[in-house]
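The chains referred to below are lettered A, B, ... by the order of the sequence lines, with proteins before strands, and numbering in each begins at 1.
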Protein chains: 2
Amino acid sequence: MIQEESPRTKRRTATADHAPIREAGSHTASVLPAEPALARAVAVDLIAVLVAVTGGEPRVMTLDEGQALPSGPFELAHRSLQSGLRAWVEQQTRHPIGYVEQLYTFADKDRGSDAGQRTISISYLGLTRASSEREAGWRSWYDYFPWEDWRSGEPAIIAGRLAPLLRAWAEAGEGGTLRRDRWQRACVTFGLDGGTWNEELALQRYELLYEAGLVPEGARRAAAGGDRITARAMIADHRRILATGIARLRAKIKYRPVVFELMPPTFTLLQLQRCVEALAGRLVHKQNFRRLVEQQELVEETGETAPETVGRPAKLFRFRHAVLAEREAIGTKLPLVRS
Amino acid sequence: MIQEESPRTKRRTATADHAPIREAGSHTASVLPAEPALARAVAVDLIAVLVAVTGGEPRVMTLDEGQALPSGPFELAHRSLQSGLRAWVEQQTRHPIGYVEQLYTFADKDRGSDAGQRTISISYLGLTRASSEREAGWRSWYDYFPWEDWRSGEPAIIAGRLAPLLRAWAEAGEGGTLRRDRWQRACVTFGLDGGTWNEELALQRYELLYEAGLVPEGARRAAAGGDRITARAMIADHRRILATGIARLRAKIKYRPVVFELMPPTFTLLQLQRCVEALAGRLVHKQNFRRLVEQQELVEETGETAPETVGRPAKLFRFRHAVLAEREAIGTKLPLVRS
DNA sequence: CGGCTATATGCTTACTCTGAGCATAACCCC
DNA sequence: GGGGTTATGCTCAGAGTAAGCATATAGCCG
């Protein structure tokens, strides 16, 4: 439900059409002197989707028994948003984070606690190398999105639970157009009814489930309580932020060499492939994957071979950091197998 | 220069390694009761990169004689960030904005006026259909980035001014590694020395010029004042935000059908092509462009032909809005001509 | 009317990219 | 040495795409 605009807002904007949002000459003063009350009630939070890959699983750092993403207030001492986040996270994990990227900034009204209080949440995606020890807080992100893991074929939960629930939701819509529209969206995002699975749509899928009232976070809109899906949830909109991070990372590994931020200094090509597969949630054609990685000169041989091997020993590679300077717009494309 | 962390920050984070950024159990209260002072000094601004294409030129809405992007405080009355921005912009332009997308959130310290005051700037990209009348405030974005327009071949400013200035900057670096690194970055981003031009690197190019002290905004680092480049500048970091918007839009038109947000209801394929070319800053192979647009079924014929034509009359098309529902991950790819 | 110009539109060709599969190599174990 | 396992090399066919040739349809001008 849309709240009415406050009288002050109305007065400001209705006086002149095509008037600049902010009057000329006042740009440098970010808070207009006339409206000091506006600054009072805003708090700024930083939220991190911190990702590592261990044991063949993509992990995300969580708190509170997996119910929340790490977050904390943005402080004046921080030079910038990113450095604030980076400092915190590096203190947590002891490793430097190679890669930090801003995800999205949220400020929906229902996020804050009381009225008149508002929180801006700036979320970041961070990649870190897996630590050898198993630390607390790291959870497989497929605990939260079991339908996103297609590495062993289509997850049973889709045909078993999601598809029927989504169809019921679609058919509960009022009007033929709405019904058709809902079902089409379900088919497109979840690859139902002959559609193909697109791993990059993780966020859209979660949002569709939210809209359909099929996740606990959307409980207010949900009809009955029995139609939920068996997956781990999170407080507030943290699971949505996680979905945002997953979608962004899945898209990014295809055109930027960011996977290497998750890898140890040296690795075999199969390890690299498993890492990509863990993130993408789907399998990759081995030979084509090697071809792509090698012909793009993303890696170079160390001359050694991997220890503790079962079959033929694999060569060890390291990331060619030079590519970061040489080119801007390349990455690891995924030669995906047809299902 | 990196500021020291405040004592409070140190105390909070140094007590326990691997401690959660925010203690378990306190997630829903976005501002911790123990730190009410942090919220006091933060203001939130919305900044818009509002784009239209008129007269074959990509235009951006500006204020204050082209020196600033429209911006304004985020208010409590706004339901969400995006709705706040959307409401404002629609009141300005009278047309509904078809497309709004968040760009980036900035909070660098030097943005605010006094110490102890901090501004968070959340920037958005908005697309609107060109209005027939020529309104004030719309400026070609190539006024700000003349090196970005390759539609008539390589802009003279690159070989004439930028390349020499960048080379001088590179050679002024201390140490062979730094010198080589600087020059390599210049070559990659600007396509110098046999490299190819990549129109999506608009932001990196601006940032390189900033770092080299070649734009007035980076004046503090600039050596002499005479080495600037003849282009229109903006206050604060507004030109950087504009570059962010340009880069984002140039990338997006290749995989999402957002160009149509800038087109009138019906148009010829050449008009569509000119619009894409204006945004991308480079020419496109006509026949291949048509093939791509048609075989992706992005448009449908209206049955009419364009009036006021010079040569053979062109068919009129309209955007097939159905594609937005049918597919998620398609768009207008650019069959770019080789230079 | 025929030629000229300008745009629109159709078609072909060569080349690259990529999904997919076959075949071989190098190691371990028994 | 045979079987199992992983690594690695190579080929092939189909899709996608950059580029160019050719034709169609209009206005204009002599």
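- Whole-Å rounding puts the A:Phe289 CZ to C:dG21 P distance at 19 Å.
- For A:Arg312, the side-chain atoms get nearest to C:dA26 when compared with the rest of C:dA26, D:dG20, C:dT7.
- Across the protein-nucleic acid pair, B:Gln287 atom CD and C:dA14 atom C1' stand 16 Å apart, rounded to whole Å.
- The residue among A:Pro313 and B:Phe317 whose nearest nucleotide of DNA chain C is located toward the 5' end is B:Phe317.
- Residue order along DNA chain D, read from the 5' end via each residue's closest nucleotide, puts A:Gly311 first among A:Gly311 and B:Gly311.
- Nearest nucleotide to the B:Ala314 side chain, out of D:dG20, C:dA20, C:dT9: C:dT9.
- Atom CD in A:Gln271 sits roughly 13 Å away from atom C1' in D:dT6 (whole-Å rounding).
- One atom, CG of A:Leu269, and another, P of C:dA25, lie 20 Å apart when rounded to the nearest Å.
- For A:Leu292 and C:dT16, the CG to C1' distance is 13 Å, given to the nearest whole Å.
- Under 3.5 Å, the side chains of A:Thr54 and A:Arg59 contain a donor-acceptor pair of N or O atoms.
- B:Leu270 comes within 4.0 angstrom of sugar-phosphate atoms only, judged by non-hydrogen atoms across all strands, and of no base.
- In this structure, CG of A:Asn288 is placed 12 Å from C1' of D:dC10, rounded to the nearest angstrom.
- Residue A:Arg291 places its side chain closer to C:dT18 than to any other of C:dA8, C:dT18, C:dG21.
- Note that CZ of A:Phe317 and CZ of A:Phe267 are 8.5 Å apart. Values are rounded to the nearest 0.5 Å.
- Note: NZ (B:Lys254) to P (D:dT17) measures 13 Å, nearest angstrom.
- In summary, B:Glu57 and B:Arg139 do not engage in a salt bridge, as defined by a charged side-chain N under 4.0 Å from a carboxylate O.
- Although no hydrogens or angles enter the test, the distance criterion places a donor-acceptor pair under 3.5 Å between the side chain of B:Arg250 and the main chain of B:Leu279.
- Between A:Phe260 and A:Phe319, the ring planes are parallel. Angles under 30° get that label, and only those over 60° would be called perpendicular.
- Taking atom CZ on A:Arg290 and atom C1' on D:dC10, their separation rounds to 13 Å, with Å as the unit.
- Using a 4.0 Å heavy-atom cutoff across all strands shown, A:Lys315 reaches sugar-phosphate atoms only and no base atom.
- Here D:dT6 is the nucleotide among D:dC10, D:dA26, D:dT6 with the atom lying nearest to any side-chain atom of A:Lys286.
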